[in-house]
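Shown next, in structure tokens, is the structure this report addresses.
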Amino acid sequence: MDTAARYSNLFVERERAADSFWVSLRYFSLYRTAVAALFLGLTVVYGDALSLGSHQLELFRFVAGAYLVVGIALQALLRNVRKHFNQQLTLQAGIDVLAITLLMYASGGIRSGLGVMLLISLTGAAIVAPRRLNFLYAALASIALLLEQGYWVLAHDAPEASFVQPALLAIGCFATAGVTGWLAQRVAANERLARQRGRELATQTRVSQLVIGDMHDGVAVLDRGGRVVQHNPQAQRLLAAEPLMGADISVLLPGFAPRWQAWRGGAGGSAGREDEGTARGAGGEFEVRGRSLGLRLIDTATEEEYSVLFIEDTTRSREQAQQLKLAALGRLTANIAHEIRNPLAAISHAAELLGEEKRADDRGRLTRIIHDNTQRLERLVADVLQLNRRDRISAERVRLGPWLQAFVGEFVANEAVAPERLALQASRDAWVEFDREHLRQVMWNLLRNALRYARPEPGAVLIALTGVADQVELNVIDNGPGVPAQSLGELFEPFFTTDSKGTGLGLYLARELCAANRAVLEYVSDGRGAHFRILMREARAA
């Protein structure tokens, strides 16, 4: 196996060594320089009186001096070259092992006690080195200790039992390198995690600041005393306070103090958190310089007992809602006028011709024209009146299974439809909260449309009651051609119809009635003819 490929992760340059690693390596180099200077200074002042260099004083001084010079050179290298981290670390660790081994030999061998200095060097290297390099440095130190002791045994007739101390020290080198490396990796992993979390927190904080700063509603954070500790620009504009920071909300909003105190008193319990409306004024609004403001308080559930106050400009909301209503009313009025004009023109023309015709057959045909258009106008007026009453709901709990069976029987009897054309499937029974008359009208419109376009065969229209969890689905599916793709965008628009006798308000009215009962009417394009689905939330049985 290629050695370079096997150990490629040891001596190649890291993509980017952490700055903290370079700082640790610099302090490690300063420690080396200080130790070398200390050893050299002690031998110059005291000679071998301190047992330093007791075997060969001159060799000790030479090695200490060289160690000092190399330490200074390595420090200069660190300042100027910030790359090849593992190579520089390995070079320093190797120099430490060589220098300390020579100093230990010059001082009389293992009994001098200088071998402990190897543990310090290995600890410093293990803090920033990969695990494999840690054991490499420990192996180098162990080999140096055993070779140094072997030289004493061979050259100076030291007893063979003296290998016990170097062996124990070698074991200590491996243990030190292993434990220190493991702890250092844990610290490095925690540091990376903390750095990542810090970046994520900074990003989230920045995004939150941008979102809150660009909100149309004002946001203010209040302390337990009701003073503003944070706010967005919109809050300052709505409250018209300069400066807003540190201001008392009770002063900014006259009459808000009792409600604030009541909310703070209940904020610690469930009632305070569930009923956010307790923070609203009469009618849900406060007046500040002629502007109506809607307020909503939320407890942050923090130890500081901060509260978040949302400030909504209800004046602007009402104006926008009024503009939308006027625009919708204008479109509806224009459509009604257009729909009325055609029948009135037909009635007027038929009435003129009726006065001139003398033959009974022609008079009967003109009378039918007048009658048909009158009925069309009657249906249009009835649909418009029903649309006006869509908000007058009397919701009650309805058990859909029995209700559907009764409804299908009534529909078949009134519309003179063959019962076998309708198929009812109920995979579940469910209770929903709906206005019975509204539900009846919605289903009547859907079934009438389905039968108009379905093929004349048994089971042409399927009424399926399904659902998942607390979601109830009421489906009306026919086997006809379905709704053309180009008409899907206008399907629920008022006065859109493909039937010459229809008013175009049936589906629009059905969707509005569903929305008034907190349900959703939608068209499902699944290739099975026309498929309409009513989505409702299941209610508890009465």
Any chance you could measure Leu222, atom CG, to Trp260, atom CH2, to the nearest 0.5 Å? 5.0 Å
Between the CZ atom in Arg511 and the CD1 atom in Ile534, the distance rounded to the nearest 0.5 Å is 13.5 Å
Using a 6.0 Å cut-off, check whether atom CD of Gln204 has over 12 heavy atoms from anything other than its own residue. no
Do Gln471 and Arg537 get their side chains close enough for a donor-acceptor pair, meaning under 3.5 Å? no
Taking the six-membered ring of Trp403, is the NZ or CZ of Arg399 close enough (under 6.0 Å from the centre) and on axis enough (within 45°)? no
I need the Glu410 CD to Glu415 CD distance, nearest 0.5 Å. 10.0 Å
Check for a donor-acceptor pair, side chain of Ser24 on one end and backbone N or O of Val128 on the other, with a separation under 3.5 Å. no
Quick check against the 3.5 Å criterion: does Asp299 have a side-chain atom that pairs as donor or acceptor with the backbone of Ser307? no
Derivation of the side-chain hydrogen bond (donor to acceptor under 3.5 Å, both in side chains) call for Arg452 and Asn449: CA-CA 5 Å; Arg452 182 180 299 127; Asn449 287 338; 2.8 Å; yes
Do we see a donor-acceptor contact under 3.5 Å between the side chains of Arg199 and Gln196? no
In this structure, are over 12 heavy atoms from other groups packed under 6.0 Å from Arg436 atom CZ? yes
Is a side-chain donor-acceptor pair under 3.5 Å present for Glu457 with Asn479? yes
Report the distance from atom CZ of Arg518 to atom CG of Leu535, rounding to the nearest 0.5 Å. 15.0 Å
Pairwise distance CG(Asn445) to CZ(Arg448) - rounded to 0.5 angstrom: 6.5 Å
Are there more than 12 heavy atoms of other residues, nucleotides or ligands under 6.0 Å from atom CZ of Arg533? yes
Please report the C-alpha distance between Glu312 and Arg296 in whole Å, then the side-chain angles of each, then the deciding distance to 0.1 Å, and finally whether the salt bridge (charged side-chain N to carboxylate O under 4.0 Å, His left out) criterion is met. CA-CA 8 Å; Glu312 180 185 2; Arg296 181 165 59 95; over 6 Å; no
Which distance, rounded to the nearest 0.5 Å, do you find between the CG of Leu446 and the CG of Asn475? 10.5 Å
